[in-house]
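Please read the structure below before turning to the comments.
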Amino acid sequence: MEKNIRYGLMAEGQASPLGFFLNGYYYDQAKKGSRAEGYVDDSGFFYPSINTADPRSKIPTAKIDGLTLIRLCDVAEFELVRFDA
């Protein structure tokens, strides 16, 4: 993912993103005033917490390959759509 580009996380058949990635962080746009809830490391693995004290920050739940997010538990794929702003 490129820096300073917003990528919407799209599920198949959905018209609006479930959330978005920006500069390696994941934001849930369903929540007002959303703060980063997860992050992507340099290898493309997604961790669902940015809090280093949270055990979820040490176990990846997805892998980003190009513009596809692959959930590790069931290999479900989600498209990342680039939103230039």
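Throughout, numbering of the chain's residues begins at 1 and tracks the sequence.
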To the nearest 0.5 Å, tell me how far [X] [atom1] sits from [Y] [atom2].
X	Y	atom1	atom2	value
Tyr47	Asp54	OH	CG	13.5 Å
Leu18	Gln14	CG	CD	6.0 Å
Ser49	Lys58	OG	NZ	8.5 Å

Is Ser57 reaching over with its side chain to a backbone N or O of Asn51, donor-acceptor style, under 3.5 angstrom?
yes
Closer than 3.5 angstrom, by distance alone: can the side chain of Asp65 be matched with the main-chain N or O of Thr68 as a donor-acceptor pair?
no
Same cluster (ILVMFWY, side-chain, under 4.5 Å), [X] and [Y]:
X	Y	result
Phe45	Leu67	no
Phe78	Leu72	no
Tyr39	Ile59	no
Tyr27	Val81	no

State plainly whether the residues Arg82 and Glu2 are in salt-bridge range, i.e. N to O under 4.0 Å.
yes
Please work out which of the three classes, parallel, tilted or perpendicular, describes the rings of Phe21 and Phe46, given edges at 30° and 60°.
perpendicular
Any idea which heavy atoms bring Gly8 and Pro17 closest together, and the distance?
CA-CB, 4.0 Å
Pair Arg71-Thr61, side-chain contact (heavy atoms from CB on, under 4.5 Å): steps then yes or no:
CA-CA 6 Å; Arg71 197 166 49 199; Thr61 58; 5.8 Å; no
Output, in order, the C-alpha distance, side-chain angles, deciding distance and verdict of side-chain contact (heavy atoms from CB on, under 4.5 Å) for Ile50 and Glu37.
CA-CA 6 Å; Ile50 61 169; Glu37 295 185 8; over 6 Å; no
Is the number of heavy atoms from other residues, nucleotides or ligands within 6.0 Å of CG (Asp74) greater than 12?
yes
Mark yes when over 12 heavy atoms from residues, nucleotides or ligands other than Lys3 sit less than 6.0 Å from its NZ; otherwise mark no.
no
Using the side-chain contact (heavy atoms from CB on, under 4.5 Å) rule, take Leu69 and Ile64 through it: C-alpha gap first, then chi angles, then the decisive distance, then the call.
CA-CA 4 Å; Leu69 181 136; Ile64 295 178; 4.0 Å; yes
So if I apply the side-chain contact (heavy atoms from CB on, under 4.5 Å) rule between Leu22 and each of Tyr25, Tyr26, Phe20, which one comes out positive?
Phe20
